[in-house]
Amino acid sequence: KKSKEKANPKDITFPVTSNNQFSGIFSYLKNKSSSQIENEVNFTASSIIGSSEQYQPRNVVLYEDKSKSFFSENNTDSWICFEFKNHRVSPTNYTIRTAKWGQNGLHPRSWVIEGSNDNSSWQVLDEERDCNELHGIDLVHTFPIQNQIENKKEQGFKYIRLQQTAPNFNNDNYLEFCSIEFYGQISQ
């Protein structure tokens with residue numbers, strides 16, 4: 001018998017609907033911070049190719065600018081991490097948009113989405129293996145979180161990380177994509 005958990009009245013929920021592409025948690029934090037999202041989220045990565053602004057981790061929330069993306073060096077297990085400074089996030093879905101590379105480009109093929117509260121121990125929330133949904137230029141796909149938080153005491157995660165777990169469609173280890181958005185609950 002499931003007990004009904006009362007949501008914290010300060011939590012905000014961002015559900016996935018057909019008309020809200022890229023209108024989730026990051027979009028909310030961008031608006032809340034007057035487009036100064038670095039005040040709300042730290043963006044880090046295992047590596048960044050070159051020093052160009054064109055490939056910085058922060059670019060994945062610049063939804064209106066498809067010329068910029070996140071682009072790691074060619075290392076196994078490359079990752080991008082989001083630290084929510086003042087919030088906890090309980091994701092239910094996420095949307096990824098691929099970058100400008102062609103059909104067999106650097107698009108992610110296998111990865112995990114993980115959550116943590118200490119940036120040390122990680123819980124796998126979703127895993128995709130040999131996923132063809134992102135096999136092409138400027139493709140957008142929304143994925144459900146397979147392992148939603150069972151323990152409501154957890155109340156979400158301070159850190160969310162996407163880590164590549166196998167080579168991309170170009171059969172190397174660059175991690176590159178244009179955009180990502182999360183849906184679900186954010187604590188206030």
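When a residue number appears, it is its place in the shown sequence, counting from 1.
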Quick one: salt bridge (Lys or Arg N to Asp or Glu O under 4.0 Å) partners of Lys66, sequence neighbours excluded?
Asp138
I want to check something: taking the side chain as every heavy atom from C-beta on, are Val124 and Asn147 in contact at a cut-off of under 4.5 Å?
no
According to side-chain hydrogen bond (donor to acceptor under 3.5 Å, both in side chains), who are the partners of Tyr94, at least two apart in sequence or on a separate chain?
Trp111, Asp126
Residue pairs involving residues 43-61 (criterion side-chain hydrogen bond (donor to acceptor under 3.5 Å, both in side chains); sequence neighbours excluded):
Glu38-Arg58
Those residues at least two apart in sequence (or on a different chain) that pass side-chain contact (heavy atoms from CB on, under 4.5 Å) with Asn119 are Cys81, Trp122, Tyr159
Return the set of residues passing salt bridge (Lys or Arg N to Asp or Glu O under 4.0 Å) with Asp65 (not counting sequence neighbours), or none when no residue passes.
none
For Asn19, give me all partners under side-chain hydrogen bond (donor to acceptor under 3.5 Å, both in side chains), at least two apart in sequence or on another chain.
Thr17
Could I get the full list of ring-ring contact (aromatic ring centres under 6.0 Å, His included) partners for Phe26, not counting sequence neighbours?
Phe82, Phe84, Phe182
Test salt bridge (Lys or Arg N to Asp or Glu O under 4.0 Å) applied to Glu133 - qualifying residues, sequence neighbours left out:
none
How would you list all residue pairs meeting side-chain hydrogen bond (donor to acceptor under 3.5 Å, both in side chains) that involve residues 72-81, not counting sequence neighbours?
Ser72-Ser78
Partners passing salt bridge (Lys or Arg N to Asp or Glu O under 4.0 Å) against Glu114 (at least two apart in sequence or in another chain)
Arg161
side-chain hydrogen bond (donor to acceptor under 3.5 Å, both in side chains) evaluation trace for Asn170 with Asp172:
CA-CA 6 Å; Asn170 197 48; Asp172 55 37; 2.9 Å; yes
Going by the rule side-chain hydrogen bond (donor to acceptor under 3.5 Å, both in side chains), which residues pair with Glu181 if we only count those two or more places apart in sequence or in a different chain?
Tyr63
What residues, two or more places apart in sequence or in another chain, satisfy ring-ring contact (aromatic ring centres under 6.0 Å, His included) together with His135?
Phe169
Taking the side chain as every heavy atom from C-beta outward, state whether Glu128 and Leu134 have any atom pair closer than 4.5 Å.
no
